[in-house]
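Read through the structure below, which is laid out as C-alpha cells, and then see the notes.
Position 1 is the first residue of the sequence, and the numbers go up from there. Just so it is clear, the model here is predicted, and its values are computed rather than measured. FYI, side chains are in, hydrogens and waters are out, and symmetry mates aren't considered; it's all heavy atoms of this structure.
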Amino acid sequence: VVELFPVRVRATGVSVAYNIGIGIFGGLGPLISDAGNKVISPKCAVSAPAAFTLLAGLISLAAIASSHVLARRGVLRLTHIRASPY
C-alpha cells in the first residue's frame, strides 16, 4: 500500500487508508455482531461475532487470490513485486 502513494503524501495516504478500514470494520463490527445475534443464536456452533470475523477473513482471502489471478493475466501489477531492486 505504501508504494501506491507519492513520497510527499505517503504517510498521509497510508494513514487515511488504514483509518478508513479500521473505522469500517472496527466501528461497524459491534453493530453487525449485535444484529447478527438476532439472526444467529448465540448458542449455535458459530456465534455472530465469529461469523463476522470469518466473513471479513474470507473477503480478504478472496481479494488476495483475485489480485494474484489478475496479476498472472497481466491485468493488475502488484506494486510490491519488482522486476529489479531499488
Side-chain angles (χ1 to χ4, degrees):
V1 175
V2 173
E3 293 180 356
L4 293 174
F5 299 100
V7 175
R8 63 184 186 87
V9 294
R10 188 166 286 172
T12 303
V14 171
S15 66
V16 167
Y18 175 79
N19 285 309
I20 287 174
I22 292 296
I24 290 171
F25 286 102
L28 293 177
L31 295 174
I32 292 171
S33 295
D34 188 46
N37 278 335
K38 295 179 177 135
V39 176
I40 301 171
S41 173
K43 296 178 182 177
C44 287
V46 177
S47 64
F52 175 69
T53 305
L54 286 171
L55 180 65
L58 289 174
I59 290 171
S60 298
L61 186 63
I64 292 169
S66 64
S67 69
H68 282 287
V69 168
L70 292 174
R72 285 192 187 125
R73 292 183 183 171
V75 178
L76 177 72
R77 181 175 177 268
L78 299 175
T79 59
H80 66 279
I81 299 174
R82 296 180 171 270
S84 62
Y86 293 106

Applying side-chain contact (heavy atoms from CB on, under 4.5 Å), can you list everything that pairs with [X], at least two apart in sequence or on another chain?
X: N37; result: P42, A48, P49
X: V75; result: L70, R73
X: F25; result: F52, A56
X: T53; result: none

Are [X] and [Y] connected in the hydrophobic side-chain network, where two residues link if heavy atoms are under 4.5 Å apart?
X: I20; Y: L31; answer: yes
X: I32; Y: I24; answer: yes
X: V46; Y: V39; answer: no

What residues join V7 in its hydrophobic cluster, counting side-chain heavy atom gaps under 4.5 Å, either direct or through other members? none

Between side-chain atoms of residues 8-19 and protein atoms elsewhere (two or more places apart, or another chain), which donor-acceptor pairs fall under 3.5 Å?
residue: R10; atom: NE; partner: V2; partner atom: O; Å: 3.2
residue: R10; atom: NE; partner: F5; partner atom: O; Å: 3.4
residue: R10; atom: NH2; partner: F5; partner atom: O; Å: 3.2
residue: S15; atom: OG; partner: A11; partner atom: O; Å: 3.1
residue: S15; atom: OG; partner: T12; partner atom: O; Å: 2.9
residue: N19; atom: ND2; partner: S15; partner atom: O; Å: 2.8

Roughly how far, to the nearest 0.5 Å, is the CZ atom of R72 from the OG atom of S67? 9.5 Å

Testing the basics here: between G26 and P30, what is the closest heavy-atom pair and its distance to 0.1 Å?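 Nearest pair, atom of G26 first, then P30: O-CD, 3.3 Å.
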
